[in-house]
Amino acid sequence: MTLRNALFGLYALLCLGAMTWPGYATFGNRIEPYVLGLPFSFFWVVAWVVATFLVLVIYHRTGERDS
Amino acid sequence: MPASWIVIGISVAYLAASLVVGMWPGRKASGTAAGFVAGDRSLGLVVMYFITGATIFSSFAFLGGPGWAFKKGAAAFYILGYGTLGLVPFYFLGPRAARLGRKYGFVSQAEMIAQRYGMRSIAGVMAVISVAAFIPYLGLQIKGAGYVLFAVTRGELPVWLGGALVYGVVLIYVLRSGVLGVGWTNTFQGVFMMLLAWGLGLYLPYKLYGGVQPMFEQIAAAKPEHLLAPGLTSAGGLWNWGEYSTAVLVSILGFSVWPHLFMKAFTAKDERTLRRTVVLYPTFQVFLVPLFLIGFAGVNFGSAPEAADQILPHMLMNMQIPAVLVGLFCAGALAASMSSGDAMVHAAASIAVRDGGVRALGWKLDDHEQRKWIRVAVVVVLLGAYLLTVFYRGDLVSLLLWAYGPVGQFFPVVVATLYWKRATGAGVLAGLLAGGAMTVLFTIQPGLRPWPLHAGIYGVAINVILLVVVSMMTSGAICTQDSDYLDVADTPS
């Protein structure tokens with residue numbers, strides 16, 4: 001397994017943990033502060049969607065030229 | 001009533017526009033089964049992006065998403081959560097499936113799996129599960145479309161007629177243009193749906209509460225538990241973290257192997273397009289945010305609809321809103337229903353003929369005959385789902401739950417087939433049947449579960465165990481076809 005794949009797998013686990021118990025319950029689950037008008041519990045999930053998009057872009061761009 | 005004519009006029013104009021867009025590509029695809037089912041493996045990034053996104057965003061997202069936020073509060077965030085990682089497995093599975101598709105001529109998931117093990121029964125079992133899942137699912141889409149027209153015309157257009165009108169349009173463009181019709185209409189409908197969701201999602205909180213944050217502050221003051229995960233159950237009690245978390249996990253696993261989505265791996269023009277579709281998908285996912293805002297706007301609205309799913313039409317019909325806006329909403333809801341419904345009709349018909357008829361039952365059909373029979377199956381499937389909607393008096397959602405469980409069990413099967421050299425047909429079949437049965441059992445009888453976790457997680461566990469153990473026990477049966485097969489999957493084209 002390459003370092004790139006290992007890091008990506010690690011991110012996926014981190015993201016899964018952050019969107020469910022225990023990560024979400026511990027760090028993300030409060031109403032304040034509001035960010036962009038959203039309660040923090042809502043913003044937290046949206047932030048992980050955006051982070052996943054960025055990670056996927058990086059993972060894809062650093063991939064082997066296979067086409 | 002002139003206002004109602006404006007609403008109907010916009011809806012009819014929208015249906016006509018969908019029809020024109022859907023009819024257009026028909027002349028470009030070849031007259032073969034691969035042309036009709038997989039678009040001659042020619043789809044580019046834009047169409048792939050929308051075909052994936054719009055196929056996933058059904059009536060459930062457009063009406064159910066706001067319904068969840070309205071009724072169950074933060075529990076709705078689970079939908080946003082699983083979609084984030086849900087398509088990621090497809091980044092790896094999709095290109096492998098596409099290579100095999102090119103080499104062996106596959107256009108569906110089950111035939112890809114059956115080929116590796118040389119077992120017709122696997123294609124048969126998967127075809128039956130898929131078609132059984134699609135018909136009630138499709139019925140829900142038809143009902144969704146019919147209901148929206150019924151609500152905005154204040155009952156002037158009955159549900160059966162509205163459903164027939166909308167799905168008549170779908171029938172015409174799917175029959176004529178196959179997957180290309182589905183793809184191009186989904187592109188058109190996807191853009192429309194996104195614009196409308198953002199428009200309404202920002203407009204309603206401003207109009208009703210003076211902004212998004214003031215809206216949430218009012219909810220926080222009145223019902224703080226509404227904004228904290230894991231949210232509420234439909235009965236109104238607090239949901240628990242175990243079920244929330246496993247629901248996210250099970251949905252991530254099941255997401256990419258839904259047959260109508262997975263078979264789009266065979267439509268992309270190359271692997272790069274497929275991978276970029278997955279990379280871009282979270283940008284489509286963000287479109288759930290305004291839909292949840294709409295639902296949260298309903299929490300302190302004052303009056304409530306009979307069913308939570310009707311919160312959006314309920315608010316629109318009870319506010320002083322220009323008829324044009326109501327008409328546009330109506331068209332957006334139809335777009336959501338049609339863009340999932342068309343992919344389901346198309347997939348169910350293709351699977352019934354290719355996997356059920358040709359693979360499992362051994363019908364001898366040449367390419368043109370296959371295409372002809374798939375078209376016949378399109379009519380039969382749509383008619384079946386329509387009759388179910390009109391005449392079935394029970395609850396369609398519970399029918400759907402029955403079917404959902406077994407489909408979710410495709411994931412371990414697909415992964416083992418594409419990656420694991422020692423997997424055998426017996427192992428795959430054992431895992432599939434046991435996992436599916438266990439999920440159905442725990443869905444119907446939640447009291448039997450040892451821990452309060454999502455029913456599907458037990459199914460996946462037993463599925464993986466049986467797949468591995470039975471494969472090990474029957475491993476003498478590895479045939480040379482296997483090593484060829486995995487080599488094809490491994491080698492980038």
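Per chain, numbering begins at 1; letters A, B, ... match sequence-line order. Hydrogens, waters and symmetry mates are skipped; everything else that's a heavy atom, side chains included, is used. Note that the structure is a prediction, hence the values are computed from the model and not measured.
- Only the side chain of Ile252(B) comes within contact range of chain A, with at least one heavy atom under 4.5 Å from a heavy atom of that chain.
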Step-by-step side-chain contact (heavy atoms from CB on, under 4.5 Å) determination, Met19(A) to Tyr82(B): CA-CA 8 Å; Met19(A) 285 187 313; Tyr82(B) 77 70; over 6 Å; no
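- The contact between Val248(B) and chain A is made entirely by side chain atoms (from C-beta outward), counting heavy-atom distances below 4.5 Å.
- In the displayed structure, Leu14(A) atom CG is contacted under 6.0 Å by more than 12 heavy atoms of other residues, nucleotides or ligands.
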Test log, rule ring-ring contact (aromatic ring centres under 6.0 Å, His included), inputs Trp44(A) and Phe77(B): CA-CA 10 Å; Trp44(A) 174 264; Phe77(B) 300 158; over 10 Å; no
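- Partner of Val49(A) under the side-chain contact (heavy atoms from CB on, under 4.5 Å) criterion, chosen from Val289(B), Leu288(B), Val286(B), Thr283(B): Val286(B).
- In this structure, Trp241(B) and Asn29(A) have side chains that are in contact, with non-hydrogen atoms separated by less than 4.5 Å.
- Neither the backbone nor the side chain of Tyr78(B) comes within contact range of chain A; no heavy atom of the residue lies under 4.5 Å from a heavy atom of that chain.
- Counting heavy atoms from C-beta outward, Thr246(B) and Thr20(A) have side chains that stay 4.5 Å or more apart.
- Contact annotation: the side chain of Phe53(A) approaches that of Leu280(B) to within less than 4.5 Å [non-hydrogen atoms, C-beta and beyond].
- For the pair Leu56(A) and Pro282(B), the minimum side-chain heavy-atom distance is below 4.5 Å.
- Within the 4.5 angstrom heavy-atom criterion, no atom of Phe40(A) approaches chain B.
- When atom types are taken as modelled, the side chain of Ser245(B) and the backbone of Trp21(A) share a donor-acceptor pair closer than 3.5 angstrom.
- Using a 4.5 Å cut-off between heavy atoms, Phe296(B) touches chain A through its side chain atoms alone.
- Residues of residues 223-232 of chain B lying under 4.5 angstrom from chain A, judged on non-hydrogen atoms, are Pro224(B), Leu227(B), Leu228(B), Ala229(B) by number.
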All N/O donor-acceptor pairs, side-chain side in residues 84-94 of chain B, below 3.5 Å, sequence neighbours left out:
unit_1, atom_1, unit_2, atom_2, d
Thr84(B), OG1, Leu80(B), O, 2.8
Thr84(B), OG1, Gly81(B), O, 3.2
Tyr91(B), OH, His60(A), ND1, 2.9

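- When the shell of 6.0 Å around OH of Tyr419(B) is examined, it contains more than 12 heavy atoms from other residues, nucleotides or ligands.
- Between Phe42(A) and Phe216(B), the ring-plane angle classifies as perpendicular under the 30° and 60° cut-offs.
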